Amino acid sequence: MSIERNQRELSSLERILKTKLGFEYVSLFNAFQGSIHAALLAQGYFYNSPITIGEKWKDTPIQLFLEYLGLKVTVDLGVPADQVGPYRCIDMKSWNEGDLPEKDSATIVDLTQFGYGPAAAFLTQKPSEWEIAERLKIFGQHDLKTMWEQQEVKPPGPASVQFNYRLSPIVASLIRSQIGGLHG
Amino acid sequence: MADFPRYPLSYPLATDIKETLAICGGRPVIDKAGRKTTFPSITKEDCYQILVSLKNVNREHVEPERFAEEYRKYVGANYAIPTASGTSSLHLALAGAGIQPGDEVVVPAFTFIATAMAVLQVKAIPRFVDIDPRTFTLLPADVEKNLTSAVTAVLPVHTHGLPADMPALRSICEKHGLQLVEDASHAHSADINSQYCGAMGIAAGQSLMADKNFPVGGEGGIAFFKDERSYQRAVAYLEKNGLEYRMSWVVAVFGRSQLNRLSYYNAIRQRNAKLLSSRLSQIPGFIPPYVPSGYTHSYNMYRITIDPQAMGIDKDISVGRVRVAIQQILNAEGIAVREWQNCPLPFHPPFRERYGFGAGIPWSLSPNSARDYALEHFPNTLSMLESSLVLCRELRSPIELERIEHYITAFEKVIDHRDEVVKLARSLDYQPPWEQTPRLG
C-alpha cells in the first residue's frame with residue numbers, strides 16, 4: 001500500500017464517479033469539508049471572501065469550517081438548502097439517477113454515508129479547477145509529479161496552505177464497491 | 001498486484017564486488033525481479049479483524065477510539081486523538097498546545113512540508129532554523145539564536161526516526177516559557193532512555209500513513225497530549241472550527257491488528273540497521289547514521305553520508321557530483337538510495353510566496369514575523385542535502401538478512417570501482433539539489 005500504488009486504488013473510484021455523474025475531472029478527499037474547500041478555492045474563494053450557504057448548513061460544522069477558512073458566511077433561505085457558494089452538494093448514497101447536476105457546472109459529492117469513514121469528491125468539467133483542487137492536497141497530483149519527475153509544475157493559482165485531504169485507498173476501494181452495486 | 005517478492009535472494013558471493021558495474025552493462029547486485037520488499041506484513045488476522053468489526057454497528061466511532069487507546073498506552077502518552085492524517089494530528093497538537101494566530105513556531109528547515117503546514121493551519125508562522133550536522137534534527141543553538149518575542153513554541157522533528165535533542169530543547173523552552181511540541185511522524189518506537197517519542201512534549205503529532213514504520217494501511221495519524229488541559233483544548237478547537245479530522249474505522253482496525261506486530265517490526269529494523277551500520281563503517285567514505293548514547297533510532301529512513309576524500313577521490317570533484325554518481329550506480333545495482341527533499345523548506349513556494357489562506361494570513365497577522373530567508377541561513381541543511389543519500393523502506397520488516405548483505409555488497413562494489421565513480425561524477429551535468437524544483441519527498 002505504498003504511495004505509488006495509491007493512485008491505482010483511487011482511480012477506480014474516480015472513474016465510476018465520473019461515469020455516473022457525467023464529469024470529466026474528479027478529485028477525491030478524506031472529508032466532505034475538504035471537497036468543499038477545494039471547490040471554493042477553485043472558484044477563487046479566499047480569506048475575507050463573502051459566501052452564501054443554504055439552510056442545511058446553518059450552525060453546522062460546515063459553517064464553522066468556512067468561518068475557520070476566513071470566509072464571510074451568510075445563510076440564505078432563498079437558495080437551495082444544500083448550496084455552498086455556487087455549488088450544490090450531493091449525498092452519493094441517496095442520490096438518484098435522475099438528479100444529474102448541470103453538465104456545465106461543478107459539484108461536490110459526499111461519500112461519507114457509505115460508512116467507511118469521511119470521504120468526498122469534487123467533480124468539474126474544467127481542468128484548471130481540478131488542478132487547483134489537487135494542489136490543495138499534500139501529495140495531490142501536482143506534488144506527486146514534482147516528487148517523482150522533478151518537473152516544474154506551475155500552479156494554476158497561488159501557493160496556498162495545503163491540507164492532507166488524501167483519501168485512503170482501502171476506503172476508496174470499499175466505497176467504489178458500494179457505488180457499483182447501488183446504481184447498477 | 002502482489003507485494004510479495006518472486007523468489008528469496010541467495011547470499012552474495014565475495015566475487016560479486018569485482019563484477020562490472022550494472023550501470024556499465026554488468027549484472028546488478030539485485031536484479032529487477034528480486035527488488036520487491038514486502039511491508040507491511042498483512043495476514044489473515046488483519047482481514048479477520050476487519051470482518052469482525054463489520055458486525056459492530058458503532059464501529060465508526062468505537063474502532064478509532066479503541067485503536068487510539070491501545071496505541072496511546074504503548075507510547076506512554078496520557079491522551080490521544082486519532083486523526084485522518086499526520087498533518088491533521090500536528091494541527092491538533094499545536095492547537096492543544098495553545099498556539100494562537102500570529103504566534104511564531106520554531107521548526108527545522110529540513111523536514112516534510114506537513115510540519116510547517118500544520119503551523120500555518122493554526123494560523124501561526126513557522127520560524128525556520130538549521131539542523132544539527134550529525135543528527136539532522138533541530139539544532140538547539142540555532143533555536144536559541146532565532147527566538148523572538150512572538151515565538152510561543154518549538155516543534156522539533158525526530159527526523160528519519162532519531163529523536164531530536166529533547167533535553168536541550170526542553171531546557172530552552174523552560175527558560176523562555178515556550179511550549180515543546182513534537183513531530184513524531186518518523187519516530188514510531190524511537191526513544192530517549194526508554195521514553196518513547198510522542199510522550200515527551202506537551203503534545204505530539206504522528207503520521208501513521210502507509211509509508212511509515214507503523215502503518216494503518218492508508219492515511220491516518222494520531223495526536224498525543226501530556227495533560228487533560230491540552231487534550232480538551234484540542235477537542236474544543238475541533239468543535240469550534242468544524243474540522244472533520246476523523247480517522248476511518250477501517251484503517252483503525254488495521255492499525256490495531258498491526259500494533260500486535262510492532263515490536264517484531266522494531267526488532268527487525270534494529271537488526272538490519274545494526275548490521276548495515278557495522279559493515280558500512282568498514283567501507284571508506286560511507287558514514288552510517290549517528291545515534292547518540294541512550295537514544296534509539298527507529299530508522300524510518302537511513303541516511304548515509306558520503307565522504308569522497310575518504311574514498312580516495314580527489315577534492316576537485318564536488319561531493320554533490322560524487323553523490324549523484326553513487327546514487328545512479330547503486331540504483332542500477334538494485335539499491336533504491338535516493339534524495340529525500342532537495343531544498344530547505346522556506347524556499348518551497350507556499351513559504352516563499354506567503355499567500356496562506358489568502359490576504360497573507362497568517363503572516364499578515366504578525367508582519368514582523370515575515371522573514372526573507374537566504375540559503376546561507378541553513379549551511380548544515382545544504383551540506384546534508386549535497387552529501388548524503390537515504391534508504392527509505394528498505395530496512396523494514398520482514399527484510400531478509402540476505403537482502404541486507406546484498407546492500408552491503410553493492411556499497412563495497414562502488415568502492416571497488418572508484419575509477420568509474422570518478423568518471424561518471426565528472427561527466428554529469430550537475431546542479432545543486434536546492435537549485436532544482438522543490439520536491440516534497
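Everything quoted here is computed from the prediction, not taken from an experiment. Only this structure's heavy atoms are used, side chains among them; waters, hydrogens and symmetry mates stay out. Throughout, a chain's letter reflects where its sequence line sits, starting with A, and its residues are numbered from 1.
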For the backbone of A:Tyr116 and the side chain of B:Ser248, can you confirm whether one donor and one acceptor N or O come within less than 3.5 Å of each other? yes
State the [atom1]-[atom2] distance between [X] and [Y], to the nearest 0.5 angstrom.
| X | Y | atom1 | atom2 | answer |
| --- | --- | --- | --- | --- |
| B:Thr437 | A:Lys145 | OG1 | NZ | 11.0 Å |
| B:Leu440 | A:Leu144 | CG | CG | 8.5 Å |
| B:Gln121 | A:Asn164 | CD | CG | 9.0 Å |
| A:Ser160 | B:Ile361 | OG | CD1 | 13.5 Å |

Is there a side-chain contact between [X] and [Y] (heavy atoms, below 4.5 Å)?
| X | Y | answer |
| --- | --- | --- |
| B:Met117 | A:Ile138 | yes |
| B:Val250 | A:Leu174 | yes |
| B:Phe357 | A:Tyr68 | yes |

Mind checking side chain to side chain contact (heavy atoms under 4.5 Å, CB included) for [X] and listing every partner two or more places apart, or none if nothing turns up?
| X | value |
| --- | --- |
| A:Thr19 | none |
| B:Arg246 | A:Thr112, A:Pro118, B:Glu60, B:His61, B:Glu244 |
| A:Lys18 | A:Val26 |

Name the option with the most non-hydrogen atom pairs under 4.5 Å to chain B; the candidates are [options].
| options | answer |
| --- | --- |
| A:Gly115, A:Gly70, A:Ala119, A:Ala172 | A:Gly115 |
| A:Gln63, A:Gln162, A:Glu67 | A:Gln162 |
| A:Val171, A:Asn48, A:Leu64 | A:Leu64 |

At a 4.5 Å cut-off on heavy atoms, which part of [X] comes close to chain A: side chain, backbone, both, or neither?
| X | result |
| --- | --- |
| B:Gln341 | neither |
| B:His348 | neither |
| B:Leu243 | both |
| B:Lys123 | side chain |
| B:Pro362 | neither |

Close contacts, residues 28-40 of chain A versus chain B, judged by heavy atoms under 4.5 Å: A:Asn30, A:Ala31, A:Gln33
Derivation of the side chain to side chain contact (heavy atoms under 4.5 Å, CB included) call for A:Phe163 and B:Tyr245: CA-CA 11 Å; A:Phe163 289 71; B:Tyr245 276 168; 3.8 Å; yes
Would you mind telling me which of B:Gly221, B:Ala118, B:Gly358 has the largest number of heavy-atom pairs within less than 4.5 Å of chain A? B:Gly358
Pair A:Phe139 and B:Phe112, ring centroids less than 6.0 Å apart: yes
Neighbour count above 12 (heavy atom, 6.0 Å) for B:Gln328 CD: yes
